Amino acid sequence: MAGVAGSSPAEAGGGGGSSSSSSTTAAPPPAEAEAVAADWMLEFACYCLCRHFGEGRAAPFRPWRAVAQALIDGLSKIPTHQKKTVYLCQLLIRIAEGKNLECHFENHERMSPLESALSFWTLLEREEIKLEKLHGDICRLIQIQIVAVHMENGYFKEAAEVLERLFTDSESDKPLRVKLASIIKRKDPYVPLLQTFSYDLLTSKIKSYIEPFMKRTETNFLIQAATKHVESKGLGATALQNKTVNENDKRNLETNQRPHPGWKPRVSSVLQSLNSLQNVEKHGDALACGRRRQRWTYKEDMELKSGIREFGVGNWAKILVHGDFNNRTSVMLKDRWRTLCRIEQG
């Protein structure tokens, strides 16, 4: 949080002989005061966006989105100390609209909300080097869901075009690019890969990312002042009652889907409730429920062994993304590895 520059009051008078009361405080220049207040307001707005996004409440998220956007639009230049706050606001606003392909944040009409979100996530990544793994996981999830959202709406041609824009020719991107290209050709948005790396998982990862930010922002002047006011007026109980009532109107920001007309989902709702890579591995057998067993090929066994050498035993979701498997889930990979171990042990 940006504090007031020079918290002690400015000295009144100069080299003259006039005296001044020690209690007199010089008023700060209006422009500086506005800048400090704007800093407080932007951090407060970002805090509110994070809180409502974390709670999955769309109704209170929308007005704070408007407040944050107005404050950001009013910046002639983003101050260095506010870059992360601005990027985070823009990211959350776009993730909240990620499934709405009619919504455009950029002048380029073909750019979906999630593509725009990816650009801000890249900017955030440059601000935080320490979170390399989390940034990599979320970046991959956004890329997958950009394709998935287009396919869920029946826009397969557009999904192929998006894929070309998303990935470079680097070798590190190749396995995921090839896998997504194959999925688009099959025109099936409900394959295990897209269900494993779901939109729910993406929002869950982002919620875990914003938690530390919210804790750091609790020192914000407006948050502290508002909290003291609420406590002094005994308003906490009323706020708690209002929160209970509002729970009836709670809606997930990330699940406001608009399916393409005539498109019928072919999987149970349990596929939409995967919240983390750990849950994918724990509950992944739901994906295989009712599916005909497929015999493992020699090539798939080699892919599995290669993935384990590269990522280690237990990183099944990562092996699934980078390997060339035929309609498998991370749970299937784990079970197959156990089978291979038993065979080799005799």
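Not measured: the values here are computed from a predicted model.
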Exercise: do Asn326 and Glu300 side chains pair donor with acceptor under 3.5 Å: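 Result is no, nothing qualifies.
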Pairing donors with acceptors under 3.5 angstrom, does anything connect the side chains of Ser198 and Gln195?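 Note: Ser198 and Gln195 side chains miss the donor-acceptor criterion.
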First locate atom [atom1] of [X], then atom [atom2] of [Y], and finally report the distance between them rounded to the nearest 0.5 Å.
X	Y	atom1	atom2	result
Leu118	Cys139	CG	SG	5.0 Å
Thr297	Phe325	OG1	CZ	9.5 Å
Leu304	Leu333	CG	CG	5.0 Å
Arg177	Glu164	CZ	CD	8.0 Å

Decide, yes or no, whether a salt bridge links Asp137 with Lys133 under the criterion of side-chain N to carboxylate O below 4.0 Å.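 Salt bridge between Asp137 and Lys133, a charged N being under 4.0 Å from a carboxylate O: yes.
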Ion pair check, Glu97 and Arg65, cut-off under 4.0 Å: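 So Glu97 pairs with Arg65 through a salt bridge.
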Ring-plane angle category for Tyr155 and His150, please: parallel below 30°, perpendicular beyond 60°, tilted otherwise. perpendicular
Check each of Tyr87, Trp121, Phe53 against Tyr209 using the ring pair (Phe, Tyr, Trp, His ring centres under 6.0 Å) test, and report the only one that passes. Trp121
Is the NZ or CZ atom of Arg51 positioned over Trp64's six-membered ring, under 6.0 angstrom from the centre and within 45° of the axis? no
Shortest non-hydrogen contact from [X] toward [Y]:
X	Y	value
Val86	Leu75	CG2-CD1, 4.1 Å
Asn153	Lys99	ND2-O, 4.3 Å
Phe197	Ala317	CZ-O, 3.4 Å
Leu42	Ala68	CD1-O, 4.3 Å
Val191	Asp188	CG1-O, 3.4 Å
Pro113	Phe105	CB-CE1, 3.9 Å

Glu115 and side-chain hydrogen bond (donor to acceptor under 3.5 Å, both in side chains): which single residue from Arg110, Arg165, Gln143 fits?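 Option passing the side-chain hydrogen bond (donor to acceptor under 3.5 Å, both in side chains) with Glu115: Arg165.
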Among residues two or more places apart or on two chains, list those pairs meeting salt bridge (Lys or Arg N to Asp or Glu O under 4.0 Å) that have a residue in residues 69-95. Lys84-Glu128, Arg94-Glu106
Walk me through it: do Trp40 and Tyr47 pass the test ring-ring contact (aromatic ring centres under 6.0 Å, His included)? CA-CA 10 Å; Trp40 289 341; Tyr47 176 86; over 10 Å; no
